[in-house]
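Small disclaimer: the values here were computed from a predicted structure and weren't measured.
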Amino acid sequence: MAEPNDPKKPILQDLTGRIGKYEIVSPLGKGAMGQGYLAHDTVLDPDVALKAMVAQIADDPELKARFEREARAVAKMTHPNVVMVFDLGSHVDGSPFIAMELLKGLDLQKASRQTPPLTVERKVAIIVQVLAGLAHAHQAGIVHRDIKPANIFIQEDGSVKIMDFGVARLTTASMTGTGNIVGTADYMSPEQVKGAKVDGRSDLFSVGCMLFELAAGRRPFHSDNLMAIFYKITHEEANLELIPQGAEYDALMTILKKALAKN
């Protein structure tokens with residue numbers, strides 16, 4: 001659940017001591033909505049990953065609801081490729097927290113930059129596990145909405161876990177407000193960019209973007225500014241000529257074309 005620090009984000013105060021029955025051991029990393037901690041369950045004894053919402057965001061009803069929706073959505077699912085949620089509670093200041101299984105390894109964003117590089121077979125195996133986890137989520141009526149390499153965790157045993165359903169919406173829920181765009185720009189689907197209703201196909205477009213990046217070494221619709229990325233996602237085709245030559249990559253072409261189709 002660790003994410004790289006962003007200098008533009010507000011500085012989060014590290015918590016110490018206890019949150020509920022959990023003893024804080026050390027920080028794990030900061031996300032957009034909360035701080036991750038390695039914590040110890042003083043009742044059941046295991047170590048867990050605790051995600052605590054920062055106090056200033058806890059005061060925002062919409063963000064607080066989104067955070068709690070993450071816990072409820074993930075708690076509905078039991079699948080080897082989805083991070084397991086154990087508990088949902090509130091800190092003394094009213095800010096909510098979720099306790100999740102502690103993962104050991106690194107996210108796909110870091111893994112894809114390591115040397116020696118991942119083999120094509122390993123890249124495909126990772127994507128297959130992501131698709132298995134998403135299939136389970138979609139059957140439960142849950143769309144992730146923010147599939148990206150930083151949200152895909154590769155454990156030390158090689159198994160893959162999808163993290164951070166924080167922007168997930170139950171597909172049965174009606175769209176409210178103005179359909180605000182939520183997600184990471186480079187991996188967003190055309191319907192997300194347009195603020196339209198999304199379903200599981202949106203996640204598959206994002207997986208297609210990840211597969212393209214794993215194969216080509218660059219993102220299919222990347223640009224220096226947000227509006228240019230949005231334009232590319234909605235109007236331009238991914239340049240499949242950037243995919244390396246060879247039989248093992250040729251087999252991916254049909255999948256990439258279908259996954260990255262605008263419609």
Worked verdict on Asp164 versus Lys51 for salt bridge (charged side-chain N to carboxylate O under 4.0 Å, His left out)
CA-CA 10 Å; Asp164 198 1; Lys51 188 171 182 180; 3.4 Å; yes
Below 4.0 angstrom, N of the basic side chain to O of the carboxylate: do Lys104 and Glu156 qualify?
no
Is there a path from [X] to [Y] through hydrophobic residues (I, L, V, M, F, W, Y) whose side chains come within less than 4.5 Å of each other?
X	Y	result
Leu242	Leu240	yes
Leu211	Val128	yes
Leu106	Leu118	no

Is it the case that the side chains of [Y] and [X] hold a donor-acceptor pair, with the cut-off being a distance below 3.5 Å and no angle test?
X	Y	answer
His138	Asp203	yes
Asp146	Tyr187	no
His40	Asp45	yes

How about CD on Glu121, more than 12 heavy atoms from neighbouring residues, nucleotides or ligands closer than 6.0 Å, or not?
yes
Verify side chain to side chain donor-acceptor pair (under 3.5 Å) between Asp186 and His222, making sure each step is shown before the conclusion.
CA-CA 6 Å; Asp186 285 80; His222 186 64; 2.7 Å; yes
Do side-chain atoms of Arg122 reach the backbone of Gly158 as a donor and acceptor pair under 3.5 angstrom?
yes
Distance, nearest 0.5 Å, that separates OG1 of Thr119 from CD of Glu248:
8.5 Å
Could you measure the distance from the OG atom of Ser202 to the CG atom of Leu134? Nearest 0.5 Å is fine.
10.5 Å
Check the pair Tyr37, Phe97 against ring-ring contact (aromatic ring centres under 6.0 Å, His included), reporting the backbone distance first and the verdict last.
CA-CA 11 Å; Tyr37 297 95; Phe97 67 82; over 10 Å; no
